[in-house]
Every structure is written in C-alpha cells, then in structure tokens.
Trainee: 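Could you have a look at this structure, given as structure tokens, before my questions?
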Amino acid sequence: MQDQNDRSELERKLIVKAALSEMPDTARRLFLRQGLTLGGLALLTGCSISNNASVANALRRVSKFNDRAQAWLFDPARLAPTYPRSMITKPFPFNAFYSEAQAPAVDGATYRLELSGLIADKRPWTLEELHQLPQESQVTRHICVEGWSAIGEWGGVRFSEFLRRVGADTSAKYVGFKCADDYYQSIDMPTALHPQTLLALTYAGETLPRKYGFPMKLRMPTKLGYKNPKHIMSIYLTNQNPGGYWEDQGYNWFGGS
Ligand SMILES: Nc1nc2c(c(=O)[nH]1)N[C@H]1C(S)=C(S)[C@@H](COP(=O)(O)O)O[C@H]1N2
Ligand SMILES: [Mo]
C-alpha cells in the first residue's frame, strides 16, 4: 500500500490545494492559519489518502464537511450587499448548460406552479396569482463559479412569504426545485427563509425574459449562480436532500456566495 509519505511533494501540494478549493472562504482561512497538511486532511476527513480513489473520497468528504460548515456559518439575518441601479451590468450575462437559443419556452398562459411534499396547500399557482402577491425588488450581485459575476435587478415575491401562504412545513430540511429544462436544484430551509430569497418574476422591472428563466426563477444573493434555478415548474419540501444538477457532478451542495 502506498503510504501518504511516499507521495511526492508536488502531489501533496496538489491534493491540499484541491481540498482548500472545496472549502468556503472562512473555513479556508481557518485551515490555512492552522497549516493544513495532507496528514491534517486525513484527520479532518477520517479517510486514508493512500490511493487516488481514497483521495477522491477525502475530497468528497471535505465538500460534505463544507456543507455543514457553511450551514453552521450561515447567518439568516445577514444581508447580501445591494447596489445602486447605476451599477447594473449591461447586458446581464446568460448562462445555462446549453446555449441561449435552446432556453425552454414556457407558455405563461397555461403555466401552473406545482407544489408537493411537506406543504399543507398543494393547489397549483397560475402566473397571475403569483403576480398578485406582494412584490419587492433587489439589485444584487450574481456570482458564477465559471469566473464571472454581474449585478442585476430582480423583482418578485419573498419566498418566505410564499411558503407561509401555502402552509409549508418550515421544519423540513430541504426545498427542491424542478425546472422546465433538465435542471433541478435544492436548498437548505434557512436560505429559503432568508429575507432576500425571492421567487423572481421580473428582471429590470420587466417580465422575466425567457433567457433569464421565464416564467419564474429563484433568486438568492446569498448563493452562487448555479444554486439559483430558472424556469421553475415545481417546488417540493422534503427531509431527503434532493441534490442538484451540478452538485451531482461534484459541485459543493451548499454553494454559499
Ligand atoms: N433551469 C436552469 N437554471 C439554471 C441554470 C440552467 O442551466 N438551467 N444554470 C445556472 C447557472 S450555472 C447560472 S450562472 C445561472 C445563470 O443565470 P442567468 O442566465 O440569469 O445569468 O442560472 C443557473 N440556473
Ligand atoms: Mo453558474
């Protein structure tokens, strides 16, 4: 069996670097201060790091640990920064796992938002009904892990208010989302209830354009771009983590920004 001591200095550095990149800023600073070593990573994850499979496993554990650390560090009362309208990025970038022309075209007239899981009133919602709820707007920064960020203006219904109206069991751990494309997402309940988490129906004061998620997206300035599902068709509450499109390919699940 290859011992961690047999690894080259370069290899050790690369593994530690990969582990660090899985950690949120706060945890990273803490581990850097304590001098994270390969041995430290083994201790932290309780995994041996003797071969490539065990290294992958250790990194997955760091990501899970990262979820717990981020959830622990998440302050439900702390607001993400907001910006003046003059700072809005124009044009606001489009991003998806396909090109802009392939964005799903949802028919707003027949649209019904489906609700399921731990929710008392599962009656589906028309777009018109969602527009009749109290609306608010925010100018916040969207940060994509692909290396860009942009400031935009979204308007819509405070998600906590929507959850209250439908009799959601807010002791449930997760809120899951299914989209009109093959995208799916899920978030933790504290983020769902955060005051800046919006069921967004507009962009820049206009009906949410198709490319940005018509008829409705979830906008959370406290989370990275990929956590913000566009074209939401159904919402469900559950205690089983539903995962997410990118998370199930290795991205960190909590995805705080
Ligand atoms: N339905 C759906 N939602 C999605 C995605 C997607 O491919 N499909 N991509 C995510 C990613 S990675 C980003 S950065 C943002 C991009 O949103 P935008 O087009 O409004 O900039 O949408 C997120 N939500
Ligand atoms: Mo993204």
Side-chain angles (χ1 to χ4, degrees), residues 21-22 24-25 63 66-67 70 80-83 85 87-108 111-115 125 127 130 137-157 159 174-188 191-192 194 196-236 242-257:
S21 74
E22 284 290 338
D25 281 350
S63 186
N66 179 357
D67 284 344
Q70 290 186 77
T82 57
Y83 301 86
R85 283 210 173 91
M87 284 181 71
I88 290 174
T89 309
K90 289 174 185 160
F92 191 85
F94 161 85
N95 198 30
F97 64 89
Y98 42 73
S99 68
E100 197 174 314
Q102 291 167 292
V106 178
D107 178 2
Y111 175 78
R112 298 286 181 275
L113 172 66
E114 305 286 342
L115 301 178
W125 286 66
L127 210 42
L130 290 171
S137 71
Q138 57 177 227
V139 178
T140 54
R141 184 183 294 275
H142 170 121
I143 304 168
C144 173
V145 288
E146 286 172 30
W148 56 270
S149 82
I151 295 173
E153 181 184 3
W154 292 270
V157 183
F159 195 39
Y174 306 102
V175 184
F177 302 88
K178 289 180 189 157
C179 307
D181 49 16
D182 285 334
Y183 211 72
Y184 57 100
Q185 260 309 340
S186 62
I187 58 167
D188 53 295
T191 300
H194 186 276
Q196 288 171 307
T197 297
L198 282 189
L199 276 184
L201 299 163
T202 67
Y203 182 79
E206 312 270 332
T207 301
L208 192 66
R210 175 176 154 203
K211 60 181 172 183
Y212 300 146
F214 183 83
M216 196 258 284
K217 70 170 275 181
L218 192 73
R219 174 60 199 149
M220 298 170 285
T222 57
K223 291 248 193 253
L224 292 168
Y226 66 86
K227 293 299 297 180
N228 292 243
K230 304 193 283 187
H231 315 284
I232 297 172
M233 302 304 284
S234 75
I235 299 180
Y236 57 105
Y245 184 90
W246 291 113
E247 292 84 332
D248 294 348
Q249 301 174 56
Y251 278 33
N252 169 256
W253 180 78
F254 194 86
S257 68

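Both ligands and their constituent atoms are indexed starting at 1 by order of listing. Everything quoted here is computed from the prediction, not taken from an experiment.
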Trainee: Just by modelled atom types, is the Lys211 backbone N or O under 3.5 Å from a matching donor or acceptor in the Lys230 side chain?
Mentor: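 Flag set: sc Lys230 to bb Lys211 pair under 3.5 Å.
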Trainee: Looking only at heavy atoms, which two atoms of Asn95 and Trp148 are closest? And how far apart?
Mentor: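 Shortest heavy-atom separation between Asn95 and Trp148 comes out as CB-CZ2, 3.7 Å.
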Trainee: Please classify the Ala96 to ligand 1 contact at 4.0 Å (heavy-atom distances, strictly less than): side chain, backbone, both or neither.
Mentor: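 Both parts.
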Trainee: Is it true that Glu100 and Arg210 make a salt bridge, defined as a side-chain N closer than 4.0 Å to a carboxylate O?
Mentor: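 A salt bridge is absent here (no side-chain N lies under 4.0 Å from a carboxylate O).
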Trainee: Both conditions, 6.0 Å and 45 degrees, for the charged tip of Lys217 above the ring of Tyr212: are they met here?
Mentor: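 So Lys217 doesn't make the cation-pi contact.
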Trainee: Under 3.5 Å, N or O to N or O, is Phe92 touching ligand 1 that way?
Mentor: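 Looking only at distances, the answer is no, because the N/O contact criterion of under 3.5 Å is not met.
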Trainee: Go through ligand 1 atom by atom and flag the ones less than 4.0 Å from a non-hydrogen atom of Asn228.
Mentor: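 Within the 4.0 Å cut-off of Asn228, ligand 1 contributes 4 (C), 22 (O), 23 (C), 24 (N).
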Trainee: So, Tyr226 versus Tyr245, ring centres under 6.0 angstrom or not?
Mentor: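 Between Tyr226 and Tyr245, the centre distance exceeds or equals 6.0 Å.
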Trainee: With rounding to the nearest 0.5 Å, note down the distance linking CD1 in Ile235 to CE in Met216.
Mentor: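 Going from the CD1 atom of Ile235 to the CE atom of Met216 covers 4.5 Å.
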Trainee: Could you tell me which atoms of ligand 1, counted from 1 in the order shown, lie closer than 4.0 angstrom to a heavy atom of Cys144?
Mentor: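 Contacts of ligand 1 toward Cys144, numbered from 1: 14 (S).
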Trainee: Nearest protein heavy atom to atom 4 (C) of ligand 1, by residue and atom, and its distance?
Mentor: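 Result for atom 4 (C) of ligand 1: Tyr183 CE2, 3.5 Å.
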Trainee: Indicate, with yes or no, if the rings of Tyr203 and Phe92 have centres closer together than 6.0 Å.
Mentor: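 Yes, the ring of Tyr203 comes within the 6.0 Å limit of the ring of Phe92, centre to centre.
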Trainee: Taking distance alone, with no angle check, do Pro93 and ligand 1 share an N/O pair under 3.5 Å?
Mentor: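 Looking only at distances, the answer is yes, because the N/O contact criterion of under 3.5 Å is met.
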Trainee: To check your reading of the model: name the closest protein heavy atom to atom 3 (N) of ligand 1, its residue, and the distance in Å.
Mentor: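 I find the closest protein heavy atom is Lys230 N, 3.0 Å.
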Trainee: Measuring from non-hydrogen atoms of Trp148 to any atom of ligand 1, is the shortest distance under 4.0 Å?
Mentor: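 Per 4.0 Å heavy-atom rule, Trp148 contacts ligand 1.
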Trainee: Could you tell me whether Lys223 and Asp188 have a side-chain N and a carboxylate O separated by less than 4.0 Å?
Mentor: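 Counted as a salt bridge, because a side-chain N and a carboxylate O are separated by less than 4.0 Å.
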Trainee: Using a 4.5 Å cut-off on heavy atoms from C-beta on, say whether the side chain of Trp246 contacts that of Phe97.
Mentor: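 They are in contact (side-chain heavy atoms under 4.5 Å apart), so the answer is yes.
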Trainee: Counting from 1, what ligand 1 atoms have a heavy atom of Lys211 closer than 4.0 Å?
Mentor: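 Those qualifying, in numeric order: 19 (O).
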Trainee: Given that the side chain starts at C-beta and the backbone is N, CA, C, O, which of these parts of Asn95 lies under 4.0 Å from ligand 1, counting heavy atoms, or is it both or neither?
Mentor: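 Both backbone and side chain.
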Trainee: Minimum heavy-atom separation for Phe159 and Leu199, please, with both atom names.
Mentor: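 Scanning both residues completely, I find the closest heavy atoms to be CD1-CG, 3.6 Å.
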Trainee: What do you reckon, is CD of Glu206 surrounded by more than 12 foreign heavy atoms closer than 6.0 Å?
Mentor: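 No, not enclosed.
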Trainee: Give yes or no for whether the N/O distance cutoff of 3.5 Å, strictly under, is met between Tyr212 and ligand 1.
Mentor: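 Not met; the criterion fails.
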Trainee: Please identify which atoms of ligand 1 are closer than 4.0 Å to at least one heavy atom of Phe97.
Mentor: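 Listed by number with element: 7 (O).
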Trainee: So which protein heavy atom does atom 8 (N) of ligand 1 come closest to, and at what separation?
Mentor: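 Here the nearest protein heavy atom works out to Asp181 OD2, 2.8 Å.
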Trainee: What about Tyr226: any of its N or O atoms under 3.5 Å from an N or O on ligand 1?
Mentor: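 By distance alone, the answer is no.
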Trainee: Taking only heavy atoms of Cys179 into account, list the atoms of ligand 1 that are under 4.0 Å away from them.
Mentor: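 Counting atoms of ligand 1 from 1, those under 4.0 Å from Cys179 are 1 (N).
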Trainee: Any idea which atoms of ligand 1 are less than 4.0 Å away from a heavy-atom of Phe94?
Mentor: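 Under 4.0 Å from Phe94, ligand 1 has these atoms: 19 (O).
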Trainee: Output yes when the distance from some N or O of ligand 1 to some N or O of His142 is under 3.5 Å, and no in every other case.
Mentor: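 Such a contact does not occur with ligand 1.
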